[in-house]
Amino acid sequence: MKIHASIACLSAILASAPALAGPVSVDSPWLRETAPGAKAGGGYALIRNTGKTEDRLLGGRTSVAASVDVHSMAMDGNIMRMRPVSGGLAISPGGSVALKPGGYHLMLMGLKQPLKRGETVTITLRFAKAGEVPVRFRVEPIDHQLGGGHDQH
Amino acid sequence: MTSTERRPAPRWLRPVLWLAILLLLGGLAAAALWPRDEAAGGYSDAFGGAFELVDQNGRTVTDRSLKGQPFAIFFGFTRCPDICPTTLQRMSRLKRQLGPAGEKLRLVFVSLDPERDSRKLIGDYLSLFPVPITGLTGTPQQLARIIEAYHVYREKVPIEGGDYLIDHTATVFLMDADGRFFGALAHGEADDTSFAKLRRLVGA
């Protein structure tokens with residue numbers, strides 16, 4: 001019974017997987033615009049793992065910054081603590097992880113040029129299993145994905 | 001009939017009483033006039049106090065020069081990729097939502113990274129936001145003073161490559177037009193809650 005259920009479940013997952021797009025997909029990637037002279041930037045995306053095994057986002061590389069790391073942001077009382085995610089950010093099989101303001105983000109350090117809104121920057125993300133995945137990130141205004149953009153009241 | 005004057009007061013009592021009254025009045029006056037940030041007793045005096053810093057345009061800004069206008073003050077650093085831009089953007093949006101009443105609300109950003117945040121960098125950074133924000137920096141000693149006054153937590157966290165991050169207080173402090181602590185916006189607080197506090201702060 002259990003085995004049958006597992007097989008049914010598995011075939012359902014396989015059926016819904018995007019055709020040969022690889023087990024990892026990256027949706028709505030964006031970078032926050034930065035000021036001239038800024039040395040750090042933040043990047044966000046929704047990462048899905050359509051594979052059968054866990055994968056881990058280890059980091060990335062880009063021509064516009066010296067390094068790209070995955071960081072977490074956590075509140076400790078009223079104190080913000082930011083840390084590199086050691087060992088990579090796990091994405092469970094069939095699951096997804098959102099990099100979004102106030103949580104996980106890509107930390108671009110040593111920016112070589114400002115991130116200007118409207119521009120597109122390629123970051124090659126590095127996964128433990130899926131390997132290198134080049135992703136085109138769009139540079140968005142500073143208030144992107146923060147909600148409340150429509151000033152009612 | 002004049003029984004109260006049966007025992008005349010000794011000659012020395014009168015100057016002693018006068019002295020006592022003068023001391024009492026002096027004490028009351030001192031208590032009333034003593035700078036509030038020195039009192040440090042009541043909750044309303046727990047945050048804020050004297051400081052002297054410089055803004056992104058090179059102008060000296062002190063606790064006294066900010067008086068006359070309520071302000072919302074936040075501490076961060078320009079390399080902070082997430083919470084700082086997110087919080088400053090939220091403050092900008094709420095100020096705009098206040099409409100004309102929001103014009104008297106000043107937004108203040110204090111850099112906790114004097115080593116790397118130059119005035120120019122702070123100015124360029126703040127120019128990304130849709131409303132004017134006063135950006136402040138100073139010498140490490142000057143910054144230590146305001147950090148102490150607002151009980152701000154700041155800890156450098158070294159990371160690979162000789163770089164560092166800064167863990168810091170994420171609270172936005174609200175100060176009234178007299179420079180007294182009015183309240184705070186907590187990180188993650190509902191917009192409606194923050195908006196209601198800001199409305200009371202500006203008297204809208």
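Here is how names work: the chains are called A, B, and so on, in the same order as the sequence lines, proteins then strands, and each is numbered from 1. Everything quoted here is computed from the prediction, not taken from an experiment.
- The minimum heavy-atom distance linking A/Gly88 with A/Arg56 is given by the pair O-NH2, 3.4 Å.
- For a residue to count as touching a neighbouring chain, one of its non-hydrogen atoms must lie under 4.5 Å from one of that chain's; by this rule A/Met75 touches chain B with the side chain only.
- Most heavy-atom pairs under 4.5 Å with chain B: of the set A/Ala38, A/Pro141, A/Gly110, A/Gly102, this distinction falls to A/Gly102.
- Within the 4.5 angstrom heavy-atom criterion, atoms from both the backbone and the side chain of B/Leu128 approach chain A.
- Heavy atoms of B/Tyr125 lying under 4.5 Å from chain A belong to its backbone as well as its side chain.
- If you tally non-hydrogen atom pairs under 4.5 Å between each of B/Leu98, B/Thr78, B/Val157 and chain A, the highest count goes to B/Val157.
- At least one cation-pi condition fails for B/Arg154 and B/Phe77: the charged atom is not both under 6.0 angstrom from the six-membered ring centre and inside a 45 degree cone around its axis.
- Between B/Arg90 and B/Asp191 there is a salt bridge, with a side-chain nitrogen of the basic residue lying less than 4.0 Å from a carboxylate oxygen of the acidic one.
- For a residue to count as touching a neighbouring chain, one of its non-hydrogen atoms must lie under 4.5 Å from one of that chain's; by this rule B/Ile166 touches chain A with the backbone only.
- For chain B, the nearby part of A/Thr34 is the backbone; its heavy atoms alone come within less than 4.5 Å.
- Between A/Arg61 and A/Glu132 a salt bridge is recorded (basic side-chain N to carboxylate O distance below 4.0 Å).
- Heavy-atom distances place the side chain of A/Met107, and not its backbone, under 4.5 Å from chain B.
- No hydrogens or angles considered: a donor-acceptor pair under 3.5 Å links the side chains of B/Asp113 and B/Tyr164.
- Proximity to chain A is limited to the side chain of B/Glu155, based on heavy atoms less than 4.5 angstrom apart.
- Residues A/His144 and A/Arg138 are not in side-chain contact: their nearest non-hydrogen atoms beyond the backbone lie 4.5 Å or more apart.
- Proximity to chain A (any heavy atom under 4.5 Å) is restricted, for B/His187, to the side chain, taken from C-beta onward.
- Looking at B/Asp82, the atoms closer than 4.5 Å to chain A (heavy atoms on both sides) sit in the backbone and in the side chain alike.
- Between B/Asp163 and B/Arg116 there is a salt bridge, with a side-chain nitrogen of the basic residue lying less than 4.0 Å from a carboxylate oxygen of the acidic one.
- Using a cutoff of 4.0 Å between basic side-chain nitrogens and carboxylate oxygens, B/Asp117 and B/Arg79 are not scored as salt-bridged.
- Ring geometry for B/Tyr150 against B/Phe173 counts as tilted: the plane angle lies between 30° and 60°, on a 0 to 90° scale.
- Note on A/Pro36, A/Ala40, A/Gly42, A/Gly77: by heavy-atom pairs under 4.5 Å with chain B, the leading option is A/Pro36.
- Comparing B/Glu160, B/His168, B/Lys120 by how many heavy-atom pairs each has under 4.5 Å with chain A, the most go to B/His168.
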